[in-house]
Amino acid sequence: MPTATCNGVELWYETFGDDDDPPLLLVMGLGAQATAWDTELCNAFTDRGFRVIRFDNRDVGLSTKIESAPIDFFATIAKVAAGEPVDAPYRLSDMAADAVGLLDHLGITAAHVVGASMGGMIAQTIAIEHPERVLTLTSIMSNTGNFEYGNARAEAMAVLLEPAATDRDGAIERSVRASQVIGSPDQFDEERARERAAAAYDRCFFPVGIGRQLIGIHASGSREDALRELNVPTLVIHGTDDPLVEVSGGERTAELIPGAELLLVEGMGHDLPQVFWSQIVEAVTRLATKAAVA
């Protein structure tokens, strides 16, 4: 599979659809590989006339792993909470620059940018810092970096902070448990969750990267002032039953971005089950169509 040198790192990426179709860049969330964007979902977007690009963020999947000194996660978060400066191997701005570098590699001037969870934070940062590269912005199950909004429920935070597994079976069980806790409550499919967890483990298991990405999120601070100044057609999608980034995170994002549309998906948690794909694909397509004729 191809890789691209972007912003000093190597990113694994994959494209779907016709190179001449409008590009749609999919940015995935914390610790999640590009393949968390299901191939069938990518194909649903190509069926609507998009050229789809999915990629592994730095520190995950088949992209570059960042070397750094060991991080005391809880001490770092305490510093963030106290308003003290923290050392982070990288920030969301670096990950946004990675994605823009991938567009450069592919010869794409501007794309429709769709991000989920941390990917939504990265997508927002691309729109803030590289607005000329963004045709439309879709932020899914994300927040503004102001942690008064979109907080995690206790049970979701607990599963996120569980110690990393030390073997394949343990990693799969941990992933299945997390999927059940944070996912859409009426859509949990244990067999599918187990298959996906096994495939993700076999492709790449690198829990150290999750901690570095999480520190990067916290070190990046709030985007609220910058979001108020955005002039990009924007769609905010959030599940009403999201326990990891509660719905106020999406509501606040849509409130701040001028002209943003808010789509609340009834029954959706912090995942993207197939039952909700048609709603999401239709909403993203509608936004792109409106932007093209504006």
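Hydrogens, waters and symmetry mates play no part in the numbers below; they use all other heavy atoms, side chains included.
Environment of CD in Glu40: crowded, with over 12 heavy atoms of neighbouring residues, nucleotides or ligands closer than 6.0 Å. Counting non-hydrogen atoms of neighbouring residues, nucleotides and ligands closer than 6.0 angstrom, the CG atom of Asn231 reaches no more than 12 such neighbours. Glu266 CD: 12 or fewer foreign heavy atoms inside a 6.0 Å radius. Within 6.0 Å of CG in Asp87 there are 12 or fewer heavy atoms belonging to other residues, nucleotides or ligands.
The main-chain N or O of Leu272 is found under 3.5 Å from a side-chain atom of Trp277 such that the two form a donor-acceptor pair. Checking side-chain atoms of Asp242 against main-chain N and O of Val245 turns up a donor-acceptor pair under 3.5 Å. Side-chain atoms of Thr234 never come within 3.5 Å of backbone atoms of Ala260 as a donor-acceptor pair (strictly under, hydrogens ignored). With hydrogens and angles ignored, the 3.5 Å screen pairs a side-chain donor or acceptor of Asp271 with a backbone N or O of Ser184. Listed for the Ser175 side chain is no donor-acceptor partner under 3.5 Å among the backbone atoms of Ala171.
Tracing side-chain contacts under 4.5 Å through hydrophobic residues (I, L, V, M, F, W, Y), one never reaches Ile280 starting from Leu244; they form parts of separate clusters.
Between Val27 and the options Asn57, Ile53, Ile140, Val114, a side-chain contact (heavy atoms from CB on, under 4.5 Å) holds for only Asn57. The side-chain contact (heavy atoms from CB on, under 4.5 Å) test with Arg48 is passed by exactly one of Asn43, Leu24, Thr289, Val281: Val281. Of the options Met141, Gln213, Met28, a side-chain contact (heavy atoms from CB on, under 4.5 Å) to Met118 is made by Gln213 and by none of the others.
With sequence neighbours excluded, the residues satisfying side-chain contact (heavy atoms from CB on, under 4.5 Å) with Glu190 are Val176, Phe188, Arg194. Ala288 pairs by the side-chain contact (heavy atoms from CB on, under 4.5 Å) definition with Phe50, His112, not counting sequence neighbours. Here Asp21 pairs with Asp18, Arg51 under the side-chain contact (heavy atoms from CB on, under 4.5 Å) rule; sequence neighbours left out. Under the side-chain contact (heavy atoms from CB on, under 4.5 Å) criterion, Ala226 pairs with Ile128, not counting sequence neighbours. Residues passing the salt bridge (Lys or Arg N to Asp or Glu O under 4.0 Å) test with Arg203 are Asp56, sequence neighbours excluded.
Residues Thr125 and Ala96 approach most closely at CG2-CB, 3.8 Å, considering heavy atoms. The heavy-atom pair separating Asn7 from Ala97 by the smallest distance is ND2-CB, 3.5 Å.
Between Arg58 and Asp98 there is a salt bridge, with a side-chain nitrogen of the basic residue lying less than 4.0 Å from a carboxylate oxygen of the acidic one.
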Atom pairs and distances, donor-acceptor, side-chain atoms in residues 99-111, under 3.5 Å, two or more places apart:
| unit_1 | atom_1 | unit_2 | atom_2 | d |
| --- | --- | --- | --- | --- |
| Asp104 | OD1 | Arg133 | NH1 | 2.9 |
| Asp104 | OD1 | Arg133 | NH2 | 2.8 |
| His105 | NE2 | Tyr13 | OH | 3.3 |

| task | Would you please test Arg54 and Thr39 for side-chain hydrogen bond (donor to acceptor under 3.5 Å, both in side chains) and show each step? | result | CA-CA 10 Å; Arg54 65 179 180 181; Thr39 297; 3.3 Å; yes
| task | Take Glu129 and Ser93 through the test side-chain hydrogen bond (donor to acceptor under 3.5 Å, both in side chains) and record every step on the way to the result. | result | CA-CA 8 Å; Glu129 298 182 359; Ser93 289; 2.6 Å; yes
| task | List the steps, then state whether salt bridge (charged side-chain N to carboxylate O under 4.0 Å, His left out) holds for Asp225 with Arg228. | result | CA-CA 5 Å; Asp225 288 344; Arg228 289 186 176 95; 3.0 Å; yes
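Side chains of Val265 and His238 form no contact here, defined as non-hydrogen atoms less than 4.5 Å apart. Here the side chains of Arg174 and Glu162 are in contact, with some heavy-atom distance below 4.5 Å.
Checking Glu10 against Ser63 by side-chain atom types alone, no donor-acceptor pair falls below 3.5 Å.
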